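In what follows, chains are A, B, ... by sequence order, proteins preceding strands, each numbered from 1. As the structure is a computational prediction, the values presented were derived from the model and not from experiment.
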There are 2 protein chains.
Amino acid sequence: MKRPTLEAVAARAGVSRATVSRVVNGSATVNPRIRTVVLRAVEELGYVPNPAARSLVTQRTGSIGLVVSEPPARVFSDDPFFSLVIRAVSQELEAADKQVVLMMASSPAGYDRVERYVAGRHVDGVILLSQHGSDPLPTALVRTGVPVISHGRPVSTTRPPYCDADNVGGARAAVEHLLARGRRRIATITGPVDMSAGLDRLAGYRELMSGSGRRSLVAVGDFTRDSGVAAMSQLLEDDPGLDAVFAASDLMAIGALRALRRAGRRVPDDVAVVGFDDIEAARFTDPALTTVRQPIAEVARTIVRMLLDGVEEGAEPVVLPTELIVRDST
Amino acid sequence: MKRPTLEAVAARAGVSRATVSRVVNGSATVNPRIRTVVLRAVEELGYVPNPAARSLVTQRTGSIGLVVSEPPARVFSDDPFFSLVIRAVSQELEAADKQVVLMMASSPAGYDRVERYVAGRHVDGVILLSQHGSDPLPTALVRTGVPVISHGRPVSTTRPPYCDADNVGGARAAVEHLLARGRRRIATITGPVDMSAGLDRLAGYRELMSGSGRRSLVAVGDFTRDSGVAAMSQLLEDDPGLDAVFAASDLMAIGALRALRRAGRRVPDDVAVVGFDDIEAARFTDPALTTVRQPIAEVARTIVRMLLDGVEEGAEPVVLPTELIVRDST
DNA sequence: CTGAAAGCGCTTACAG
DNA sequence: CTGAAAGCGCTTACAG
């Protein structure tokens with residue numbers, strides 16, 4: 001069962017290959033009568049254009065690479081954030097009739113593979129997700145000449161254009177809220193300190209703390225629940241009198257809740273807890289979690305638009321506002 | 001900045017295009033000395049093969065489509081199960097040096113788009129995830145002639161080869177455990193009844209209940225937390241004396257825990273709860289959740305192997321064992 | 001082991 | 001508006 005080619009359709013319709021090509025690609029300059037005949041032939045033969053042949057001549061593929069730069073053990077691990085981002089991005093891309101090629105990279109071999117793939121022009125553009133400080137990919141990919149947009153502020157020396165949520169502002173709002181609630185000894189559990197989301201949320205916290213003349217109390221986490229448990233236990237040991245904690249992710253906040261429960265602290269009576277992300281699970285904790293919501297879909301939409309609009313290196317980044325969602329944990 | 005072609009490399013190395021092609025593709029029949037020269041030229045020019053040209057002649061693309069057939073609102077919503085599966089599958093695929101094209105389909109337009117893409121031979125094979133009863137995609141994709149393997153038992157009339165976890169056995173083990181713990185009025189919260197995972201887990205429950213001469217007590221859910229809350233409330237209304245519930249997903253079990261808490265029932269004292277999946281969150285509920293673990297990575301590995309081995313329609317399905325993980329909720 | 005040549009299936013100036 | 005023809009960048013029998 002060989003697939004019919006343009007040639008076959010042309011023969012059947014009694015026209016040239018060029019004409020069939022024009023009809024298939026929706027060119028305006030085709031006689032309506034002929035168009036109808038060609039369309040019928042396409043239909044009858046079940047013709048579907050060969051994408052390889054097409055992109056060989058057009059030099060475009062219609063695909064966009066979504067590069068997730070993470071230890072594979074974590075990427076999708078259990079963190080809904082990535083999932084939500086990936087869904088939002090791919091939805092936007094498909095609305096623009098682009099296919100999404102999902103690439104995970106987490107090892108030198110993985111970086112190589114992704115770089116080769118992009119350099120080989122398998123994709124017309126790349127969206128970079130979740131980069132860490134040591135990540136060689138932003139630089140390598142920008143060097144291929146393929147358009148690159150970063151999801152989240154890049155930490156690499158190469159700075160592709162990016163869109164991000166307002167992490168600093170969100171953290172600020174969280175701490176402000178805690179202060180307004182009368183909390184005085186406010187700790188934070190940070191994200192990975194080699195990622196901009198981790199860094200920026202910490203910066204927002206520190207800014208407000210030092211601005212109000214208070215001492216920072218910091219424990220480092222990595223966005224996972226388990227790290228939230230460990231960090232909270234550590235904080236309790238460092239300052240048993242703390243009365244609030246701002247966790248840089250909801251997952252870590254969930255871990256913190258568990259550590260607090262184990263330590264016999266009541267939330268929010270003894271310790272208030274604020275998370276970040278507003279994943280669905282935040283509504284299901286006991287007590288329900290106060291958290292900072294990110295405009296995930298909007299960031300995705302913006303990134304796709306930037307990529308399709310051909311935004312160049314050096315362009316102004318776009319930073320979208322976050323929103324504090326107050327529930328029962330504060 | 002034009003990309004160098006095979007031609008350019010050949011010129012630089014002083015050999016024919018055919019020879020360069022052989023070297024690049026690792027053909028054994030090349031004089032080692034020549035190979036070295038060619039490799040140097042490739043290096044100096046930064047040559048990367050053009051995939052479109054290559055696949056135009058080889059008729060292969062090196063890509064595998066991962067088709068997720070779900071309302072976009074749910075796919076990645078907050079359910080880590082999909083994420084875990086997608087990660088596992090793409091890891092296996094990349095180990096086999098295949099690229100992963102992620103395709104979400106949830107509307108007639110989406111189905112069409114996916115079908116055209118596959119029919120256009122953008123991919124060498126397709127893995128089908130999460131089909132619902134009314135899903136036209138299995139049939140449409142099988143008809144394209146592209147190899148299709150299903151993740152999970154298909155519910156369509158067309159039956160592509162598949163690999164699945166032992167859903168029936170897992171449900172059976174959950175109910176057996178509940179019976180062994182002395183529970184007598186055991187309810188279940190089902191998954192969507194147009195999906196095989198929902199159907200099979202319900203079948204396992206029913207089988208054991210009727211086998212032990214008990215009446216089934218069923219509420220329908222859709223795998224989400226919210227549906228777990230609603231279903232549990234319903235069950236409590238239907239039979240206030242129930243002493244156990246088997247939820248067909250951990251997320252629904254989490255919802256059930258919340259509904260039970262609200263209703264003033266203690267877990268496990270008044271009501272024992274068992275989930276299904278063993279996602280990470282199951283360790284963080286209060287009390288920690290007893291659940292049925294699925295071999296997600298193993299299923300993924302098997303599916304990829306089946307696809308690459310060219311398993312044909314009509315082949316024996318592979319069903320992998322599940323395992324009961326006992327924690328504090330029973 | 002190597003090269004000349006055909007051919008994969010399209011698109012797109014260029015004429016007419 | 002339509003067609004003949006060149007060309008996109010590879011791979012692979014086929015000779016030698």
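B:Pro51 comes within contact range of no nucleotide atom at all, as no heavy-atom separation falls under 4.0 Å.
Residue B:Val15 is the one, among B:Gln59 and B:Val15, whose nearest nucleotide of DNA chain C lies closer to the 5' end (criterion: closest heavy atom). Comparing B:Thr29 and A:Val24 against DNA chain C, the residue whose closest nucleotide sits nearer the 5' end is B:Thr29.
Here the P atom of nucleotide D:dG9 and the CZ atom of A:Arg121 are 12 Å apart, to the nearest Å. Between the P atom of D:dC1 and the CD1 atom of A:Ile34 lies a distance of 10 Å, rounded to the nearest Å. The interatomic distance linking B:Arg33 (CZ) with C:dT2 (C1') rounds to 15 Å, in whole Å. Per the geometry, CG belonging to A:Asn31 stands 10 Å off C1' belonging to D:dT2, to the nearest Å. Rounded to whole Å, the distance from CG on A:Asn50 to C1' on D:dC8 is 13 Å. In this structure, the CZ atom of A:Arg17 is 12 Å from the C1' atom of C:dC8, given to the nearest Å. Between the CG atom of B:Leu6 and the P atom of C:dT2 there is a distance of 16 Å, given to the nearest Å. Following rounding to the nearest Å, A:Arg35 (CZ) and D:dT2 (C1') show an atom-to-atom distance of 13 Å.
With both ends at atom P, the span from C:dT2 to C:dA6 equals 22 Å, rounded to whole Å. Across D:dA13 and D:dG9, the matching P atoms stand 23 Å from one another, rounded to whole Å.
Note on A:Ser21: a side-chain N or O is less than 4.0 Å away from OP1 or OP2 of C:dT11. For C:dT2, neither phosphate oxygen OP1 nor OP2 lies less than 4.0 angstrom from any side-chain nitrogen or oxygen of B:Thr19. Dashed line: the shortest gap from a side-chain N or O of B:Asn25 to OP1 or OP2 of D:dT11 is under 4.0 Å. For C:dA4, the OP1/OP2 oxygens have no side-chain nitrogen or oxygen of B:Ser16 closer than 4.0 Å.
Side-chain proximity of A:Val57 to C:dT2, D:dC10, C:dT11: nearest is C:dT11.
Checked by distance alone, A:Arg22 brings a side-chain donor or acceptor within 3.5 Å of a matching partner on the base of D:dG3.
Nucleotide C:dA13 forms no Watson-Crick or G-U wobble pair with any nucleotide shown, as no partner meets the under 3.5 Å limit on both distances. The base-pairing partner of D:dA4, taking Watson-Crick or G-U wobble contacts with both distances under 3.5 Å, does not exist among the strands shown.
Counting only distance, with no hydrogens or angles, the side chain of A:Asp164 and the backbone of A:Val319 share no donor-acceptor pair below 3.5 Å.
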B:Val155/B:Asp194 under side-chain contact (heavy atoms from CB on, under 4.5 Å): CA gap, chis, key distance, verdict:
CA-CA 8 Å; B:Val155 282; B:Asp194 65 342; over 6 Å; no
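Side-chain contact of B:Ser55 with B:Thr58: a donor-acceptor pair under 3.5 Å is absent, judged by distance alone.
Look at B:Arg12 and B:Glu44 and you find a salt bridge, because one of the NZ, NE, NH1 or NH2 atoms lies within 4.0 Å of a carboxylate O, short of that distance. By the 4.0 Å N-to-carboxylate-O rule, A:Glu115 lies close enough to A:Arg143 to be salt-bridged with it.
Side chains of A:Leu128 and A:Pro154 form no contact here, defined as non-hydrogen atoms less than 4.5 Å apart.
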